[in-house]
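This report concerns only the one structure given below.
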Amino acid sequence: PFFKLIFIIGLLPILSGCVGPTSPFGAVKSLETQSAEEDDILAGYKISFHPSRKYYHHKTNFMIEVESESRISEDFELKIFHNDYEVSDGFLSAGVAQISTDRKKMVYSLRDLRFKTLDANNVRVEVYSEGRKVGHSFLPEPECSFFSDDKVVDITPFRAPAHYTTMIEKVATESQMNPSLVAGLVAQESGFNPKAVSWAKAIGLTQVTPLAEKQIQDTVKDWPQDPSIQHLTYAALKSKVYLEEITPQTEWRLDPEKSLRGGIAYIQYLHEYWSRQDNKKLLNENLGSADTYTEVILASYNSGPARVKRAIRSRKKMWKKDKSLREAVRYLKKVKSFCFHSSDKGEQDDTET
């Protein structure tokens, strides 16, 4: 054959412990023990991905592109490693390969790839020609920083009024927040549904809960608050919201712009909480990364800062492995994924790919 594709994937632990490894690329074959680093890497091959970083918030069409300065040799070999296990058969049967007419570019695409948020998902690609490694690359995690200023350019796959993007940009910028981070939070909290209601009586775009509302009372004290909500069951509350018996005129959390401002106010409260001297010391001693700080904020938004603090104290750098934060880890990965891939930064990276 003109080329051979071998995918390697790692053992993905599952709760039962009795089922073998699984893979988003297909069937698992065997463990690869060869080192990823070699000194004889040759120039002339470029490996790129589309999307350019891991995609957690939705399934996506995934593409690997290999470009060579000269014609790709007959024994060209592409290997992909995911936690060091092979999944070549599954990937080959599900994917589509294309080679350019000048034989300087090979593209392999796989539809509807979905990474599990609790898996490591360490993806490495290596290319070989004439038995020698001529290039390798790693699929990176999505970037999303509390401290960045990234514009929102695409909220696919969600459907929302066109002005929501403009509104998010406006409100986030006024509050000195990263617009794409706010968009990612809205995507995960409500799917851009302003009438979303949760079992915890979180309401609206940013799903501010009654408990979170108490932390931002100075921000919301002059906004309409419906006192009947505290006495309603989840089903009754959801019914009244969708029948418009409770409206934005009587409950601020149903007002899209106020929901954004309230959600951002709660994020700012969390920022102030983690900026306290004792908490800052805890983070600096155990974490020390700006990107990790963003994850701490997002996990706190989902699970509360006290639970996150306990996990950091007990597990330190492994805080995200704490069982109490399983849902928070899923949450923060999906928010960061949407944050990056919906932003101008993500669009630029994927275009370059």
Side-chain angles (χ1 to χ4, degrees), residues 53-58 115-119 121 140-150 152 155 158 168 171-172 175-192 196 198 200 202 204-209 211-212 215-216 259-276 279-280 282-283 286-312 315 317-343 345-346:
R53 294 174 182 265
K54 295 170 193 172
Y55 209 94
Y56 288 112
H57 64 280
H58 198 260
F115 286 114
K116 294 182 179 180
T117 50
L118 292 180
D119 291 344
N121 294 313
E141 291 286 328
E143 283 184 339
C144 179
S145 174
F146 178 83
F147 303 100
S148 294
D149 180 19
D150 304 319
V152 183
I155 62 171
F158 300 100
I168 289 172
V171 174
S175 304
Q176 296 183 319
M177 282 289 299
N178 183 352
S180 67
L181 177 63
V182 176
L185 184 143
V186 170
Q188 186 57 28
E189 289 287 351
S190 65
F192 292 89
S198 79
L205 289 181
T206 58
Q207 292 286 280
V208 173
T209 64
L211 182 60
Q215 306 295 344
I216 56 172
S259 179
L260 288 174
R261 294 189 184 279
I264 288 174
Y266 186 56
I267 294 174
Q268 291 171 332
Y269 159 78
L270 294 172
H271 178 47
E272 292 170 2
Y273 174 89
W274 288 108
S275 296
R276 285 174 9 195
N279 292 331
K280 184 183 291 187
L282 177 70
L283 296 182
N286 294 287
L287 305 180
S289 165
D291 188 55
T292 302
Y293 183 77
T294 300
E295 294 183 336
V296 168
I297 294 290
L298 291 174
S300 299
Y301 195 102
N302 176 262
S303 295
R307 183 179 297 177
V308 175
K309 187 173 183 178
R310 286 195 297 271
I312 294 174
R315 302 296 296 271
K317 288 186 178 181
M318 302 297 289
W319 66 279
K320 287 184 289 183
K321 297 292 185 181
D322 194 282
K323 290 182 178 179
S324 70
L325 295 181
R326 288 175 65 88
E327 180 55 37
V329 170
R330 290 189 182 99
Y331 174 87
L332 69 87
K333 280 193 172 184
K334 289 181 178 181
V335 172
K336 288 179 64 180
S337 176
F338 189 86
C339 170
F340 175 79
H341 291 289
S342 69
S343 72
K345 183 184 295 181

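Because the structure is predicted, anything quoted here is derived from the model rather than measured.
Put simply, the side chain of Gln188 reaches to within 4.5 Å of the side chain of Tyr331, judged on heavy atoms. At least one side-chain heavy atom of Val296 sits less than 4.5 Å from a side-chain heavy atom of Ile312. Proximity of Leu270 to Pro305: side-chain heavy atoms (C-beta onward) are separated by under 4.5 Å at one or more points. Gln268 has its side chain within reach of Ser175: a pair of non-hydrogen atoms, C-beta onward, lies under 4.5 Å apart. Side-chain contact between Pro142 and Lys333: absent, with no pair of heavy atoms (C-beta onward) separated by less than 4.5 Å. Val208 is listed as a side-chain neighbour of Tyr301, based on a closest heavy-atom distance under 4.5 Å. Contact check for Leu260 versus Val182: side-chain heavy atoms found under the 4.5 Å cut-off.
Closest non-hydrogen pair, Phe115 versus Tyr55, comes out as CD1-O, 3.9 Å. Contact record, Phe146 with Thr294: N-OG1, 2.8 Å, taken as the closest heavy-atom pair. Between Phe192 and Ala183 the shortest heavy-atom distance is CZ-O, 3.8 Å. A pairwise comparison of heavy atoms in His57 and Lys334 identifies CB-O, 3.7 Å as the closest pair. Between Cys144 and Leu181, the shortest heavy-atom distance links the atoms SG-CD1, 3.5 Å. The two residues Trp319 and Ala299 have their closest heavy-atom pair at CZ3-CB, 3.9 Å.
Once rounded to the nearest 0.5 Å, the distance linking OG of Ser324 with CZ of Arg315 reads 9.0 Å. Separation of atoms CG (Leu283) and NZ (Lys280) is listed at 9.5 Å; rounding is to 0.5 Å. Between the CG atom of Leu185 and the CG atom of Asn302 there is a distance of 9.5 Å, given to the nearest 0.5 Å. To the nearest 0.5 Å, the span separating CG on Leu205 from CZ on Arg261 amounts to 13.0 Å. Remark: Thr292 OG1 to Leu287 CG distance equals 5.5 Å, nearest 0.5 Å. We find the CG-NZ distance between Leu332 and Lys320 to be 6.0 Å, quoted to the nearest 0.5 Å.
A donor and an acceptor atom, one from each side chain of Gln215 and Tyr273, are nowhere located under 3.5 Å apart. For Asn286 and Lys317, the side-chain atoms include no donor-acceptor pair closer than 3.5 Å. With 3.5 Å as the limit, one finds no donor-acceptor pair spanning the side chains of His271 and Tyr266. If you check the side chains of Ser180 and Ser342, you find no donor sitting under 3.5 Å from an acceptor.
The backbone N or O of Arg330 sits nowhere less than 3.5 Å from a side-chain atom of Thr117 that would complete a donor-acceptor pair. Here the side chain of Ser343 pairs a donor or acceptor atom with the backbone of Phe340 at under 3.5 angstrom. Ser145 places a side-chain N or O within donor-acceptor distance of the main-chain N or O of Phe147, the cut-off being under 3.5 Å. Judged by distance alone, with hydrogens and angles left aside, the side-chain atoms of Ser198 form a donor-acceptor pair with the main-chain N or O of Ala202 at under 3.5 Å. Judged purely by atom type and a 3.5 angstrom limit, Asn178 uses its side chain to pair as donor or acceptor with the backbone of Asp150. A donor-acceptor contact shorter than 3.5 Å links the side chain of Asn121 to the backbone of Asp119.
Residues satisfying the side-chain hydrogen bond (donor to acceptor under 3.5 Å, both in side chains) criterion with Glu141, sequence neighbours excluded, are Lys54, Tyr56.
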Begin with the C-alpha distance, continue with both residues' side-chain angles, and end with the deciding distance and a verdict on side chain to side chain contact (heavy atoms under 4.5 Å, CB included) for Thr206 and Glu189.
CA-CA 6 Å; Thr206 58; Glu189 289 287 351; 5.5 Å; no
Stepwise side chain to side chain contact (heavy atoms under 4.5 Å, CB included) check, Ser275 with Tyr293
CA-CA 10 Å; Ser275 296; Tyr293 183 77; 3.9 Å; yes
